Trainee: 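Structure incoming, see below.
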Number of protein chains: 2
Amino acid sequence: MGKEPLTGDQYHHGNLRAALLDSALVVLTDRGVAGFSMREAARRAGVSQSAPKHHFGDARGLLGALATRAYRQLCDRLESLELAGLDARGRVTRLAGEYVAFAGENRALFDLMWRMTQFDFTAPELAEQKHRALLALDRGLRGEDAEPPTGDTDPALLPSYAVWSLVHGYTTLALEGAIDSGNPDPLNSDLLPTMLALLDVTGSQPPGKP
Amino acid sequence: MGKEPLTGDQYHHGNLRAALLDSALVVLTDRGVAGFSMREAARRAGVSQSAPKHHFGDARGLLGALATRAYRQLCDRLESLELAGLDARGRVTRLAGEYVAFAGENRALFDLMWRMTQFDFTAPELAEQKHRALLALDRGLRGEDAEPPTGDTDPALLPSYAVWSLVHGYTTLALEGAIDSGNPDPLNSDLLPTMLALLDVTGSQPPGKP
DNA sequence: CCTCCATCTTGACAGTGAGAAGATGTTTCG
DNA sequence: CGAAACATCTTCTCACTGTCAAGATGGAGG
């Protein structure tokens, strides 16, 4: 076998790093972010309480790795959407639906993803994936053949920022029970497309004021 | 004195309930939601570790009371805004600015406010204040003389839901470092008004698709 | 074989939330 | 006035957590 133990694979346990991430996800899903316990994650992986230390440093490191993996999954889903043949509005609706679906299927993970600064966790990999999410959204919105943004403050990104803000805000507000769509599942409503219809996605000027 | 000890005032300590809320706010601001400790809040109030129990039940109760008070403050600020003489777009900008300002001035509190379901905290008072925030936003947006919504699913509320979602999403994304406005203070940018300009706040139909 | 090193375990410590039992002051009512 | 009833607060205890230091374990390479 190769000499690449850099990722922490294939040692005494097999690859404890991946196993710990999996058990940590179970604990997170069961108990939520507030009730998360690194010891229990280790227990479920069948190792001692201090085993995670070598792989993740401390609890924040473990949660950070979990969040980074979650960002990667979300970006993968956004990037692999089939958007060809749809107009701008259709693409936005599709992207937004996927975003909300991810949040609904991974509520605890989704919560965690936007809490990392609160845990004083700043890894370059995490920021990178966060940025990748923005690019995936923007690319999906403006189409594959549009010019990529020149930087984070490129004015061409404005519609993407607006869409992301609206979709993200709706998701968190609905999950928190602040927006009641009348639907038993707060995320499974037709409210979001209707709200997105109020957004000028093309980047041109909105209709004149009365 | 009157026979109204229902609020828990004026007993041995004076009014420990209010003092605990104050010290808890200090702890929350210092250590964040993740590092909050009920024991330390009690310590700072000069009472024993178990003193909060009678007033708040458990830690979730203390945080819930804190969040409820924060909602009340936010609603007060939104409701007391002077919006007369402004058109719809001016009113929205003003409301959004106040919302973002509150979040920036009370970051830990603002974080807490949207994590109460995660803490399994559901008090009727909290839901009531959350609803009051929506009404304040809607009233500000549609004007004082507009008809109040008939219910949470009234279609007339749609623009308010959209504005709230966009503003709230922008706030959380900016605080988490996902949206980089190029400004040192992530919340102090002119990005938000520009994004709001893309929203049709009048509730009419958006411009036709190309 | 034997040393080096990544990996994992054991044991300990301070800190936390929560509960039981009791002390202390306040109110109420005979 | 006095005694019970009560709200309020303290002390003690327990299980649990994250973190650290020291040691055991076993593969890799000289």
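We name chains A, B, ... by the order of the sequence lines, and we start the count at 1 in each one. Bear in mind that the values here come from a model prediction, so they are computed numbers and not experimental data.
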Trainee: Using whole Å, what does the distance between atom P of nucleotide C:dT7 and atom CG of A:Leu20 come to?
Mentor: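 From A:Leu20 CG to C:dT7 P: 12 Å.
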Trainee: Under 3.5 Å, which protein N or O atoms sit close to an N or O of nucleotides 18-20 of chain D? Give each pair with its distance.
Mentor:
from   : atom 1 : to      : atom 2 : distance (Å)
D:dG18 : OP1    : A:Met38 : N      : 2.8
D:dG18 : OP2    : A:Met38 : N      : 3.2
D:dG18 : OP2    : A:Arg39 : N      : 2.9
D:dG18 : N7     : A:Arg39 : NH1    : 2.1
D:dG18 : O6     : A:Arg39 : NH1    : 2.9
D:dT19 : OP2    : A:Ala59 : N      : 2.9
D:dT19 : O4     : A:Arg39 : NH1    : 3.4
D:dC20 : N4     : A:Ser50 : OG     : 3.0

Trainee: Is any side-chain heavy atom of A:Leu198 closer than 4.5 Å to a side-chain heavy atom of B:Leu198?
Mentor: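 In short, these two side chains do not touch, never coming nearer than 4.5 Å.
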Trainee: Measure the distance from CZ on A:Phe56 to P on C:dT7 and round it to the nearest whole Å.
Mentor: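 Computing the A:Phe56:CZ to C:dT7:P distance gives 12 Å.
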Trainee: Is there a side-chain contact between A:His54 and the phosphate of C:dT7, meaning an N or O under 4.0 Å from OP1 or OP2?
Mentor: yes
Trainee: Report the distance from atom CG of B:Leu63 to atom C1' of C:dT16, rounded to the nearest whole Å.
Mentor: 13 Å
Trainee: Do B:His168 and B:Phe110 make the cut of ring centroids closer than 6.0 angstrom?
Mentor: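 B:His168 vs B:Phe110: aromatic centres under 6.0 Å.
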Trainee: Rounded to whole angstrom units, what separation is found between the CG atom of B:Leu16 and the C1' atom of C:dG25?
Mentor: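 Interatomic distance, CG of B:Leu16 to C1' of C:dG25: 15 Å.
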Trainee: Is there a side-chain contact between B:Asp190 and B:Ser181 in this structure, where contact means two heavy atoms from C-beta onward sitting under 4.5 Å apart?
Mentor: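 Result no, sub-4.5 Å side-chain heavy-atom pair not found.
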Trainee: Calculate the interatomic distance between B:His55 atom NE2 and D:dA7 atom P; express it in whole Å.
Mentor: 12 Å
Trainee: Please name all residues satisfying salt bridge (Lys or Arg N to Asp or Glu O under 4.0 Å) with B:Asp185, sequence neighbours left out, ordered by chain then number.
Mentor: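 For B:Asp185 the salt bridge (Lys or Arg N to Asp or Glu O under 4.0 Å) partners, ignoring immediate neighbours, are B:Arg107.
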Trainee: B:Tyr161 versus A:Leu191: any side-chain heavy-atom pair under 4.5 Å?
Mentor: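 The answer is yes, as the side chains (C-beta and beyond) meet within the 4.5 Å cut-off.
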Trainee: Is the shortest side-chain N/O distance from A:Arg17 to OP1 or OP2 of C:dA6 below 4.0 Å?
Mentor: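 The answer is no; no side-chain N or O of A:Arg17 sits under 4.0 Å from OP1 or OP2.
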Trainee: Are any of A:Arg43's side-chain N or O atoms less than 4.0 Å away from OP1 or OP2 of C:dT9?
Mentor: no
Trainee: Should A:Lys130 and A:Met116 count as side-chain neighbours, where that means a heavy-atom distance under 4.5 Å?
Mentor: no
